[in-house]
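A short worksheet on the structure shown next.
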Amino acid sequence: MKLAISVKIILLLTIVNLFNSWDNDYFLMPYRSENKWGLCDTTGIVKVQPTYDGFVDMIVDVESKQSFYFVKQGNRTIIIDHNNVQHLKQYDSVSPTASKIFKSGKVGMYLYKFGSLYEGMTGGFVILAEPLYDKIEPIVSHAYRITVKGKQGLLYMDYQTPSIALKPEYDKIIFEKPFFKGYKGGKVAATFKDPIYSIGSADIAPQATTKEYQKKAKEKKNEEELARQIQNLKKDASPEDLKRIMPFEITPINKYVKYREGGKQGYVNFSYALQGSSKRLVKNVIMPAIYDSISEAGTSKFLVKQNGKYGFYISGRTVVAIEYDNIKFHSVYTDEILLEKNRRYAVYNFNSAKILTGFEFDSYSFIPKSENQYFTVLHKGSIKLLWDNGIAGEEYDDLIPYNQITSDKNQKSEFPGYFKIKKNGRYGLLYDHQTIIPAAYDDVISEYPEFQTTINNGKKGAYQQNYFNVPPRYKSIKLFKNFYIANKHYFLFKVETASGIYFYTDKNGREFKQ
């Protein structure tokens, strides 16, 4: 038993060591020397001499410890591995993006099948269709339109096993779920039923399966229930109660109802109480009718106005005295409100039940943080302070919401809570009081979803906190590959210089070129 355990431990350690050395042995980087390309390891040591005319793409298969590289050889694109061995060399050229192979002017398709070190499998290239066609076009993810001498057919992939479902003898092939249809002379001459889109398409009423239908059915049910409750309330309520309800309808039980008395407003709610074997309607005064106006501001929260001044009520008790010129809030879900007095603003926090600042700020703005949550930004001259949950942020010259720093001005913010910060004429990035990028750049913009682009002196770099920092020294920069190998995270960037020369760098800006 001990021997068996020892053998297992040795095997496990061997696998771990293989993975720990994997990145330098198999995971190579594109390396440029003048106008020729080769491969180097992650430290920059050349493994494949730069003899190729260009670098196109790469496949890294972590499970089977294999990597393949698409390089240019004249006008051809060929595949080599880390040992400079060529693959699919029986074909004239290959395409990495469309997985196509070419020979004698014809096109076919291949697939890279990933392997597994643990199962003893190795990755490799599988031919899906030999290059026999004039054209191959995707119809859906698992089916392709093939063309030969102007006639179309259907190449179908069933679990990555190709088959000719319709021979290339039709004027056109059209997909009308769940059928592929072959037309001749404007009429359907043949059909092929797609098993994938046929699943679950039994005799179910189409409207019953749609979200819109379900939504309308739920709304109708809610409306019927609401009408029933209102009728019950009207039946039990006294004529005096009905006259004082605004706007002359009673809302469902236990909901707040605004009422008017002597030109003033208040709030009540109604509930049922048992009296013997019967039930009667009970009116509960939540707020007496002594206010000029009342606005609901969330569950059990009310903004009140009295004699030209504003205050705040929660569950029938005053939490903010009625003494302010105005009270501002963007969302009923927020924990803070703004108190205005003599054209100056302060922050009140419901959680601490305190006024957090003095009335020293001359303007404000509400900026989205997340759904139904907002940052309150107070302005004092040119200084803007970010507040959230009563914590004061650092002072900045400016705070610009994320949706205004993207390169596409029409882009909707997908990352609320991010701000471009400006301090002493320099820019950085902030998220929820945490500095993501220090204010050390001429500008920070969002060109790509994977990272922020930093700019100095008209040159670009890439920055993402805790992941990478490529200094701004390039005409353009784009994330090319992202790998996680042997407990290490690798990023490969494609960069271009002002003179139009391109090559690749790692996450720290190490340049893989001579």
Supply the atom-to-atom distance [X] [atom1] to [Y] [atom2], rounded to the nearest 0.5 angstrom.
{"X": "Met58", "Y": "Asp81", "atom1": "CE", "atom2": "CG", "value": "12.5 Å"}
{"X": "Ser67", "Y": "Leu28", "atom1": "OG", "atom2": "CG", "value": "5.5 Å"}
{"X": "Met287", "Y": "Ile294", "atom1": "CE", "atom2": "CD1", "value": "4.0 Å"}

Which heavy atom of [X] sits nearest a heavy atom of [Y], and at what distance?
{"X": "Asn469", "Y": "Tyr463", "value": "OD1-CD1, 3.4 Å"}
{"X": "Ala346", "Y": "Ile355", "value": "CB-CG2, 4.0 Å"}
{"X": "Leu429", "Y": "Ile421", "value": "N-CG1, 3.8 Å"}
{"X": "Tyr259", "Y": "Ala289", "value": "OH-N, 3.3 Å"}
{"X": "Leu303", "Y": "Ile327", "value": "CD1-CB, 3.7 Å"}
{"X": "Trp37", "Y": "Pro30", "value": "CZ3-CB, 4.1 Å"}

Do the ring planes of [X] and [Y] sit parallel (below 30°), tilted (30 to 60°) or perpendicular (above 60°)?
{"X": "Tyr69", "Y": "Phe55", "value": "tilted"}
{"X": "Phe114", "Y": "Tyr112", "value": "perpendicular"}
{"X": "Phe302", "Y": "Tyr267", "value": "tilted"}

If you look only at distance, which donor and acceptor atoms sit under 3.5 Å apart when one is on a side chain in residues 497-507 and the other is two or more places apart or in another chain?
residue, atom, partner, partner atom, Å
Thr497, OG1, Ser499, OG, 3.0
Thr497, OG1, Ile501, N, 3.3
Thr497, OG1, Ile501, O, 3.3
Asp506, OD1, Asn508, N, 3.0
Asp506, OD1, Gly509, N, 3.1
Asp506, OD1, Arg510, N, 2.8
Asp506, OD2, Arg510, NE, 3.3

Taking only Lys NZ, Arg NE, NH1 and NH2, and the carboxylate oxygens of Asp or Glu, determine whether [X] and [Y] approach each other closer than 4.0 Å.
{"X": "Glu296", "Y": "Lys258", "result": "no"}
{"X": "Lys460", "Y": "Glu447", "result": "yes"}
{"X": "Lys481", "Y": "Asp57", "result": "yes"}
{"X": "Lys380", "Y": "Asp362", "result": "no"}

Partners meeting side-chain hydrogen bond (donor to acceptor under 3.5 Å, both in side chains) with [X] (sequence neighbours left out):
{"X": "Lys328", "answer": "none"}
{"X": "Ser476", "answer": "Glu496"}
{"X": "Ser295", "answer": "none"}
{"X": "Tyr474", "answer": "Glu511"}

- Out of Phe359, Phe312, Tyr348, which residue meets the side-chain contact (heavy atoms from CB on, under 4.5 Å) rule with Tyr324? Phe359
With heavy-atom distances below 4.5 Å as the criterion, would you say the side chains of [X] and [Y] are in contact?
{"X": "Ile455", "Y": "Pro472", "value": "no"}
{"X": "Lys100", "Y": "Val94", "value": "no"}
{"X": "Phe483", "Y": "Phe27", "value": "yes"}
{"X": "Ile337", "Y": "Phe350", "value": "yes"}
{"X": "Leu338", "Y": "Phe366", "value": "yes"}
{"X": "Val85", "Y": "Ile80", "value": "no"}
{"X": "Tyr110", "Y": "Leu88", "value": "yes"}
{"X": "Phe512", "Y": "Thr42", "value": "no"}

- Item | Donor-acceptor side-chain pairing of Glu336 and Asn349 below 3.5 angstrom | yes
- Side chains of Tyr52 and Asn84: is there a donor and an acceptor less than 3.5 Å apart? yes
- Task: For ring pair (Phe, Tyr, Trp, His ring centres under 6.0 Å), just list the numbers for His87 and Phe68, CA-CA rounded to whole Å, side-chain angles, deciding distance to a tenth of an Å, and then say yes or no.
- Result: CA-CA 9 Å; His87 297 259; Phe68 300 91; 4.8 Å; yes
- Item | Donor-acceptor pair, side chain of Ser99 and main chain of Leu111, under 3.5 angstrom | no
- For the side chain of Asp41 and the backbone of Thr43, is there at least one donor-acceptor N/O pair under 3.5 Å apart? yes
- Task: Applying ring pair (Phe, Tyr, Trp, His ring centres under 6.0 Å), run through His379 and Phe361 and close with a yes or a no.
- Result: CA-CA 6 Å; His379 308 215; Phe361 304 98; 9.1 Å; no
- Task: Let me see the working for Gln66 and Val60 under side-chain contact (heavy atoms from CB on, under 4.5 Å), right down to the final yes or no.
- Result: CA-CA 6 Å; Gln66 289 181 300; Val60 176; over 6 Å; no
Is it the case that more than 12 heavy atoms not belonging to [X] sit under 6.0 Å from its [atom1] atom?
{"X": "Gln514", "atom1": "CD", "answer": "no"}
{"X": "Lys177", "atom1": "NZ", "answer": "no"}
{"X": "Lys478", "atom1": "NZ", "answer": "no"}
{"X": "Asn35", "atom1": "CG", "answer": "no"}
{"X": "Lys301", "atom1": "NZ", "answer": "yes"}

- Task: Show your reasoning for whether side-chain contact (heavy atoms from CB on, under 4.5 Å) applies to Tyr396 and Lys422.
- Result: CA-CA 6 Å; Tyr396 302 103; Lys422 182 180 181 182; over 6 Å; no
- Task: Show the numbers, then the answer: is there a side-chain contact (heavy atoms from CB on, under 4.5 Å) between Leu39 and Met29?
- Result: CA-CA 5 Å; Leu39 302 171; Met29 303 287 196; over 6 Å; no
- Go through the steps for Tyr313 and Tyr291 under the test side-chain hydrogen bond (donor to acceptor under 3.5 Å, both in side chains), then give the verdict. CA-CA 12 Å; Tyr313 256 68; Tyr291 303 101; 2.6 Å; yes
- With Asp53 as partner, the option from Gln73, Arg76, Lys36, Lys72 fulfilling side-chain hydrogen bond (donor to acceptor under 3.5 Å, both in side chains) is Lys36
Which atom pairs, donor and acceptor, lie under 3.5 Å between side-chain atoms of residues 437-445 and protein residues at least two apart or in another chain?
residue, atom, partner, partner atom, Å
Asp442, OD1, Arg426, NH1, 2.2
Asp442, OD2, Asn457, N, 2.7
Asp443, OD1, Lys420, NZ, 2.8

- Item | Phe468 vs Phe491, side-chain contact (heavy atoms from CB on, under 4.5 Å): CA-CA, chis, key distance, verdict | CA-CA 8 Å; Phe468 48 77; Phe491 297 90; 3.7 Å; yes
- Tested for salt bridge (Lys or Arg N to Asp or Glu O under 4.0 Å) against Glu323, the lone hit among Lys341, Lys305, Lys309 is Lys341
